[in-house]
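Report on one structure; see the data block that follows.
Note that the structure is predicted; figures quoted are calculated from it, not measured. Just so it is clear, the values below take in all heavy atoms, side chains as well, and ignore hydrogens, waters and symmetry mates. Every number for a ligand or one of its atoms is a count from 1 in the order of the listing.
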Amino acid sequence: MSRARSVAVIGAGIAGLSCARALDDAGLTVTVFEKSRGTGGRMSTRRRDEAAWDHGAQYFTARDPEFRAQVDEWVRQGHAARWEPRVAVLGAGAQRDASEPPERFVGAPRMTSPAAHLAHGLTVLTEHTVARLEPDGEAWRIVTTEHGAHGAFDAIALANPSPQARRLLLPVSPALADSAASVTMQPCWAAMLRYESVISLPFDGAFINEGPLRWVARNSAKRGRTGAEAWVLHASAEWSLAHLEAAAEEAGPLLVEAFRALGAPQPAAWSAHRWRFSLAGTPLGVDCLWDPAVRVGACGDWVLGGRVEGAWLSGRHLARRIAGLRTPEGAPGR
Ligand SMILES: Cc1cc2nc3c(=O)[nH]c(=O)nc-3n(C[C@H](O)[C@H](O)[C@H](O)COP(=O)(O)OP(=O)(O)OC[C@H]3O[C@@H](n4cnc5c(N)ncnc54)[C@H](O)[C@@H]3O)c2cc1C
């Protein structure tokens with residue numbers, strides 16, 4: 001088969017959208033399939049009762065020059081902003097430096113904003129859960145749970161978490177499915193708290209070294225956030241695993257209690273969300289996965305590592321591989 005012309009991207013998180021945007025820029029026809037109602041994946045924001053919480057990714061770094069250029073553009077256009085919280089490190093145990101990383105960025109006015117910007121002008125089919133990939137001659141058809149078959153596509157880019165990617169890859173590319181199976185994703189319980197007024201704590205974000213919590217943040221202190229005083233609490237991976245099947249009504253109060261033990265008052269309202277897949281345990285550490293025999297590849301944080309930054313970069317690498325493009329330095333994509 002000659003160069004791919006028509007590509008299906010599975011997942012509208014930052015990896016899938018960075019891949020789709022680069023493919024579109026290269027002149028390919030791209031369709032993005034997303035199972036949820038919106039874009040952004042784990043860079044997500046929940047809104048309720050005039051409050052908003054980035055209950056997944058909290059902030060991102062920009063160390064790689066290519067990603068840094070993208071973030072600078074987002075900042076110029078108002079889709080992202082620097083976040084300079086007062087950060088504390090609390091509790092005994094493994095210590096970390098509160099001044100690291102030196103620069104933190106957030107989506108603005110919400111964490112979903114960079115993804116929404118990337119998605120602008122692309123064909124993104126939300127509420128389309130990809131159930132399987134079906135061969136169609138030398139090409140592929142995408143079968144979705146809600147809307148049947150779509151295609152044909154010359155190439156497929158999977159940009160969903162490793163357990164979900166593995167399931168789709170298994171009948172198609174056992175080697176890539178094995179790679180996906182080797183990366184476990186940690187769970188994370190998140191609690192979202194609303195207060196009637198600004199609460200007095202000596203930090204806007206804190207890493208916590210003991211107890212159920214690992215991170216708390218005053219969401220309403222991020223740039224562009226309006227509305228009520230809102231805090232996000234994240235439980236540790238160990239605690240989240242131990243409470244994986246707990247109901248939100250059970251896990252939420254335990255996290256609120258742990259926050260109160262740090263000196264916070266009782267919130268006016270709270271809700272809790274279980275992320276079954278939050279951070280990749282040990283990412284593969286490669287730019288992207290690509291099986292040339294079947295023209296199927298995968299990208300995301302579990303592939304390259306580096307969380308938001310790595311996911312964005314991995315999507316770009318896979319796009320270059322699919323489009324047969326070269327890297328800006330002139331070297332072929334690895
Ligand atoms: C609680 C939490 C805290 C975090 N904190 C940080 C942080 O502070 N800094 C940081 O850099 N990163 C953080 N991360 C990680 C960061 O959010 C991810 O690394 C990054 O967003 C991954 O992007 P992605 O595009 O690879 O995957 P995702 O964002 O997971 O996107 C995958 C998309 O695929 C969709 N999908 C899955 N299966 C299918 C299917 N079958 N069909 C169609 N669509 C499908 C999903 O709905 C989702 O939208 C955090 C994540 C969580 C959950």
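- Each of the following atoms of ligand 1 lies closer than 4.0 Å to a heavy atom of Val308: 10 (C), 11 (O), 12 (N), 16 (C), 19 (O).
- Evaluation of the ring pair (Phe, Tyr, Trp, His ring centres under 6.0 Å) rule for Phe259 yields Trp231 as partners, not counting sequence neighbours.
- Note: an N/O pair closer than 3.5 Å links Val130 and ligand 1 by distance alone.
- Surrounding CD of Glu245 are more than 12 heavy atoms belonging to other residues, nucleotides or ligands, all under 6.0 Å away.
- Summarising the local packing, NE2 of His147 is surrounded by more than 12 heavy atoms from other residues, nucleotides or ligands at distances under 6.0 Å.
- At under 3.5 Å, a nitrogen or oxygen of Asp301, whether backbone or side chain, sits near a nitrogen or oxygen of ligand 1.
- Between Ala190 and ligand 1 there is no heavy-atom distance shorter than 4.0 Å.
- When only non-hydrogen protein atoms are considered, atom 46 (C) of ligand 1 lies nearest to Glu34 OE2, 3.5 Å.
- The shortest N or O to N or O distance between Trp275 and ligand 1 is not below 3.5 Å.
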Q.
Run the ring pair (Phe, Tyr, Trp, His ring centres under 6.0 Å) test on His234 and His55 for me, step by step, so that the C-alpha distance in whole Å, both residues' side-chain angles and the decisive distance to 0.1 Å come before the verdict.
A. CA-CA 8 Å; His234 280 165; His55 65 309; 8.4 Å; no
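- For a threshold of 3.5 Å applied to N or O pairs, the pair formed by Thr129 and ligand 1 contains no separation below that value.
- Residues Ile199 and Val256 share a single hydrophobic cluster, defined by chaining ILVMFWY side chains whose heavy atoms lie under 4.5 Å apart.
- Using cut-offs of 30° and 60° on the angle between ring planes, the pair Tyr59 and Trp83 is tilted.
- Note: no N/O pair closer than 3.5 Å links His234 and ligand 1 by distance alone.
- When the heavy atoms of Arg167, Arg214, Arg42 are ranked by distance to atom 22 (C) of ligand 1, first place goes to Arg42.
- Taking distance alone, with nitrogen or oxygen atoms compared against 3.5 Å, Ala15 approaches ligand 1 more closely than that limit.
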